[in-house]
Amino acid sequence: MNTEITIAGVTFKNPVMTASGTFGSGMEYSDAGFVDLNCLGAVVTKGVANVPWEGNPTPRVQETYGGMLNAIGLQNPGIDVLIERDIPFLKQFDTRIIVNVCGRTIADYVEVVEKLSDQPVDLLEINVSCPNVKHGGIAFGQHPRSLFDITKEVKAKAKQPIIMKLSPNVTDITEMARSAEAAGSDAISLINTITGMKIDVHKRAFALANKTGGLSGPAIKPVAVRMVYQAANAVNIPIIGMGGIANAEDAIEFMLAGATGVAIGAMNFVNPYTTMEVVKGIEEYMQQYGIEDLGEIIGAVK
Amino acid sequence: MESKGNDLKKKETARVYKQQQIAPGIYDMWITTTLAERAKPGQFISVYTQDKSTLLPRPISICETDLANGRLRIVYRVAGKGTSEFSRYKTGHRIDVLGTLGNGFPLEKAEGRRVFLAGGGIGIPPMLSVAKALKNAASVDVIVGYRDKELFLADDLAQYASVHIATEDGSVGTKGTVIDAIEAERLKADVIFACGPMPMLRAIKKYCIEHGSQAFISLEERMACGVGVCLGCVVKTREVDHHSHVKNARICTDGPVYDAMDVDI
């Protein structure tokens with residue numbers, strides 16, 4: 001039985017990864033004893049910019065039916081701290097490292113990517129889909145042309161393979177997926193959160209200080225599965241699927257829709273053992289159905 | 001499941017030992033859990049609902065522990081769907097908890113000094129565990145503020161220190177806030193441990209600046225993970241935070257207790 005997958009020439013011991021922003025750089029869940037990082041296919045870091053970002057005012061998170069809204073605003077310590085502190089930490093483990101990169105301008109992204117060029121990082125995930133920052137983020141990910149431009153520029157400077165992380169807040173996801181592929185992206189990941197809003201009827205005020213936030217959790221899973229399926233049928237590059245994955249069956253569903261890798265996001269907050277349980281559950285599913293290689297199920301439902 | 005990290009936390013299924021309502025909307029629940037032995041005064045636990053539509057755990061402060069029987073007490077206010085579900089649990093009910101979380105109060109700062117334990121409303125429960133744990137303070141005064149005559153935990157606190165009461169409507173003790181009670185009763189302290197609503201904590205901070213005393217305040221914010229990864233529950237800090245490298249600290253992990261002078265509230 002082979003649980004390995006390959007994305008852009010990089011082999012992962014299994015398809016299970018962490019969704020950016022829900023796992024820090026792995027330190028907290030590892031130190032607390034919740035997750036053995038050696039068991040994961042990859043750790044995907046919280047988005048990092050060229051300089052530290054303060055993020056948004058609080059409240060930054062709110063619960064919603066079967067999910068949650070967040071408007072953290074990409075608070076991060078900057079690339080220098082990630083290189084000094086987080087990458088050496090992650091190198092202690094036998095797992096792949098994917099750094100999520102954010103910026104306000106293309107030059108910001110390029111600066112981060114260049115600083116990572118000599119780092120022991122396996123892939124770069126380029127965040128062009130954060131709905132919670134005023135400049136950058138989603139602004140690059142909602143128009144095929146701007147997505148094409150940033151992808152091309154980043155790809156030209158990146159030493160590692162790149163994954164463009166796509167937003168669901170678009171009219172046609174296939175158009176965006178094709179744009180990323182045409183500009184040279186090695187893979188795509190989707191979906192980032194769906195822009196949402198919550199109003200406190202007792203206070204008659206927005207529940208988040210940022211007014212809007214990104215919706216995540218099991219509530220968005222059907223939207224994510226649909227978009228992964230559409231994107232998989234539009235491009236030939238591999239897809240990392242995410243959006244409300246809570247257990248191995250959810251992960252398999254994304255793989256059947258066309259995802260090569262899968263990422264666990266909001267459910268880490270609900271059950272900190274989720275990633276480990278999904279790894280184990282995928283193995284059990286393979287045994288149950290006599291699957292020798294995960295290639296047999298990736299995109300198997302047409 | 002548990003392993004050998006250096007900041008161990010655990011999620012487990014506990015059992016409700018007993019629960020009762022002790023004031024309107026205020027519930028007192030003892031649970032049997034191995035988290036009891038790790039609990040420090042001022043820490044909290046995350047409590048999960050069984051309703052899958054309410055995914056995120058509810059952070060609830062630890063009121064006290066009974067180590068001999070492996071029990072932990074939480075006293076909470078029903079504020080929404082999650083706490084409403086908890087309030088219906090009977091003896092023997094299974095309840096998923098994660099903990100123990102946060103830093104707790106720096107009890108060593110109380111040694112040889114005059115101490116106030118200030119609690120307001122649903123900020124009162126953690127002060128019981130502090131009152132029980134303080135050993136070498138020069139003096140301990142507990143000042144608690146309520147809305148009205150529906151008091152809770154005042155008798156428990158009185159077992160460990162002298163209790164001074166303030167009520168918003170003046171029905172018991174001093175009419176007004178905990179600061180009004182401190183002033184009316186001419187109480188004095190070198191260090192204050194406080195938990196309560198933000199206006200109370202701001203008043204405590206102002207009191208400390210005026211009186212040259214020190215305050216450690218326990219903060220509250222909307223949380224998701226409870227373990228420091230999501231960056232949902234931050235507070236503005238005076239200096240650049242060691243972890244975030246910006247002027248934001250994580251209340252769930254670096255707090256909830258801060259030196260009042262270190263945070264911008």
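Note that these values count all heavy atoms, side chains included, but never hydrogens, waters or copies made by symmetry. So you know, we letter chains A, B, ... as the sequences are listed, proteins then strands, and number each from 1.
- Interface remark: T64(A) contributes backbone atoms only to the contact with chain B (heavy atom separation under 4.5 Å).
- Of the atoms belonging to F23(A), it is backbone heavy atoms, and not side-chain ones, that fall under 4.5 Å from chain B.
- Note that the CH2 atom of W53(A) and the CG atom of N248(B) stand 14.5 Å from one another [nearest 0.5 Å].
- Note: H243(B) leads K247(B), H243(B), K81(B) in heavy-atom pairs under 4.5 Å with chain A.
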Report task. Could you please spell out the steps behind the side chain to side chain contact (heavy atoms under 4.5 Å, CB included) verdict for F34(A) and L98(B)? Result -> CA-CA 11 Å; F34(A) 290 130; L98(B) 172 74; 3.1 Å; yes

Report task. Output, in order, the C-alpha distance, side-chain angles, deciding distance and verdict of side chain to side chain contact (heavy atoms under 4.5 Å, CB included) for Q75(A) and V246(B). Result -> CA-CA 8 Å; Q75(A) 179 187 319; V246(B) 292; 3.9 Å; yes

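- The environment of K40(B) atom NZ is sparse: at most 12 non-hydrogen atoms of other residues, nucleotides or ligands sit within 6.0 angstrom.
- Within a 6.0 Å radius of CZ in R73(B), other residues, nucleotides and ligands contribute more than 12 heavy atoms.
- Nearest heavy-atom pair, Y48(B) versus F269(A), reported as atom, atom and distance to 0.1 Å: OH-O, 3.8 Å.
- For R60(A) and E221(B), the salt-bridge test fails: no basic side-chain N is under 4.0 Å from an acidic carboxylate O.
- Separation of atoms CG (L55(B)) and OH (Y65(A)) is listed at 10.0 Å; rounding is to 0.5 Å.
- Here the OG1 atom belonging to T54(B) is positioned 13.5 Å from the CE atom belonging to M68(A), to the nearest 0.5 angstrom.
- Counting non-hydrogen atoms of other residues, nucleotides and ligands closer than 6.0 Å to CD of Q19(B) gives a total above 12.
- Ranked by heavy-atom pairs under 4.5 Å with chain A, the list M223(B), R58(B), K52(B) is led by R58(B).
- V227(B) places none of its side-chain heavy atoms less than 4.5 Å from the side chain of P272(A).
- Interface remark: of the candidates G24(A), G217(A), G66(A), G66(A) forms the most heavy-atom pairs closer than 4.5 Å to chain B.
- When the shell of 6.0 Å around CD of Q50(B) is examined, it contains more than 12 heavy atoms from other residues, nucleotides or ligands.
- Distance check, rounded to the nearest 0.5 Å: CG of N271(A) to NZ of K11(B) gives 4.5 Å.
- Top candidate by heavy-atom pairs under 4.5 Å with chain A, chosen from S53(B), A224(B), G82(B), C233(B), is S53(B).
- Taken to the nearest 0.5 Å, the OG1 atom of T58(A) stands 12.5 Å off from the CG atom of L231(B).
- Residue K236(B) touches chain A through its side chain alone, counting heavy-atom pairs closer than 4.5 Å.
- Note that CD1 of I72(A) and SG of C230(B) are 5.5 Å apart. Values are rounded to the nearest 0.5 Å.
- Between K9(B) and E28(A) there is no salt bridge, since none of the side-chain N atoms of the basic residue sits less than 4.0 Å from a carboxylate O of the acidic one.
- Proximity to chain B is limited to the side chain of V81(A), based on heavy atoms less than 4.5 angstrom apart.
- Heavy-atom contacts from other residues, nucleotides or ligands closer than 6.0 Å to NZ of K198(A) number more than 12.
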